[in-house]
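Some notes on the structure that comes next.
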Amino acid sequence: MDSRRYYDWYKKAKTDLRGAQILFEAEADNSLVAFHCQQAIEKMLKGYILKNTKDLVDGHSLIYLIRRSSKFDESMRRFTKDCAFVNQFYIETRYPADIPDEVDEYEVRECLDTANEVLGYIESTEEEQ
């Protein structure tokens with residue numbers, strides 16, 4: 001059962017982002033890094049929604065989660081395009097395909113930047129409250 005405490009989601013999000021950074025620095029497969037970035041954003045947004053609604057949301061779509069989060073803070077809309085970019089790495093990086101979709105260095109850096117920006121923004125809003 002998933003935690004109903006928003007700060008547990010934040011903690012897991014930070015763990016995923018740290019894991020992504022360690023994997024990137026160790027020159028691990030870029031798809032692993034991209035996946036962990038997606039997971040970090042997903043968990044942070046779920047925690048943010050949980051904090052604001054007391055409801056635990058299902059699903060993995062970063063697009064849905066950022067739109068829902070924007071209802072509580074309009075300025076979060078600025079992350080929509082970047083979240084849509086990272087969203088593509090949720091399924092595609094986890095399963096083998098006949099035509100593999102390799103994650104290049106530019107894409108993995110974009111994923112890391114986006115995850116750092118989203119998590120950083122939510123953390124900064126938490127500190128202001």
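Side-chain atoms of K51 never come within 3.5 Å of backbone atoms of R5 as a donor-acceptor pair (strictly under, hydrogens ignored). Within the 3.5 Å criterion, the main-chain N or O of H60 finds a donor-acceptor partner in the side chain of Q38. Counting only distance, with no hydrogens or angles, the side chain of E25 and the backbone of I22 share no donor-acceptor pair below 3.5 Å. In this structure, W9 contributes its side chain and S3 its backbone to a donor-acceptor pair below 3.5 Å.
Side-chain contact between F24 and R109: present, with at least one pair of heavy atoms (C-beta onward) separated by less than 4.5 Å. Counting only heavy atoms from C-beta outward, the side chains of V108 and F89 never approach each other to under 4.5 Å. Looking at heavy atoms from C-beta onward, Y48 lies out of side-chain contact with R68 at the 4.5 angstrom threshold. The shortest distance between side-chain heavy atoms of I41 and C83 falls below 4.5 Å. In this structure the side chain of F79 never reaches within 4.5 angstrom of the side chain of T114, judged on heavy atoms. Annotation: side chain of M44 is not in contact with side chain of K12 (no heavy-atom distance under 4.5 Å). Looking only at side-chain heavy atoms (C-beta outward), N52 and K71 stay at 4.5 Å or farther from each other. Put simply, the side chain of V57 reaches to within 4.5 Å of the side chain of Y64, judged on heavy atoms.
One distance of note links CD1 of I122 with OH of Y10; it measures 5.5 Å at 0.5 Å rounding. Once rounded to the nearest 0.5 Å, the distance linking CG of L50 with CG of L45 reads 12.5 Å. Note that CG of N87 is 4.5 Å distant from CD1 of I63, once rounded to the nearest 0.5 Å. Here the straight-line distance linking atom SG of C111 with atom NE2 of H36 works out to 12.5 Å at 0.5 Å rounding. In this structure, the separation between CG on L62 and OH on Y90 is 10.0 Å, given to the nearest 0.5 Å. Atoms CD and CG, from E107 and N30 in turn, are 8.5 Å apart once rounded to the nearest 0.5 Å.
Remark: R67 engages no residue in a salt bridge (charged side-chain N to carboxylate O under 4.0 Å, His left out) (not counting sequence neighbours).
A cation-pi geometry, defined here as NZ or CZ lying under 6.0 Å from the six-membered ring centre and within 45° of its normal, holds between R78 and Y121.
Across all their heavy atoms, C37 and V86 have their closest contact at C-CG1, 4.3 Å. Considering all non-hydrogen atoms of both residues, A34 and V103 come closest at CB-CG1, 4.3 Å. Shown here for G59 and E42, the closest heavy-atom pair between the two residues is O-OE2, 3.5 Å. Of all the heavy atoms in L17 and A115, the pair that sits closest is CD1-CB, 3.7 Å.
More than 12 non-hydrogen atoms from other residues, nucleotides or ligands lie less than 6.0 angstrom from CG of D104.
Among the candidates T125, L65, I66, the single residue satisfying the side chain to side chain contact (heavy atoms under 4.5 Å, CB included) test with M76 is I66.
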Next item on the list: Evaluate the side-chain hydrogen bond (donor to acceptor under 3.5 Å, both in side chains) criterion for residues Q21 and N116: first the C-alpha distance (whole Å), next the side-chain angles of each, then the deciding distance (0.1 Å), finally the verdict.
Entry: CA-CA 10 Å; Q21 291 167 333; N116 276 301; 3.3 Å; yes
Next item on the list: Let me see the working for F72 and T53 under side-chain contact (heavy atoms from CB on, under 4.5 Å), right down to the final yes or no.
Entry: CA-CA 9 Å; F72 310 107; T53 65; 3.2 Å; yes
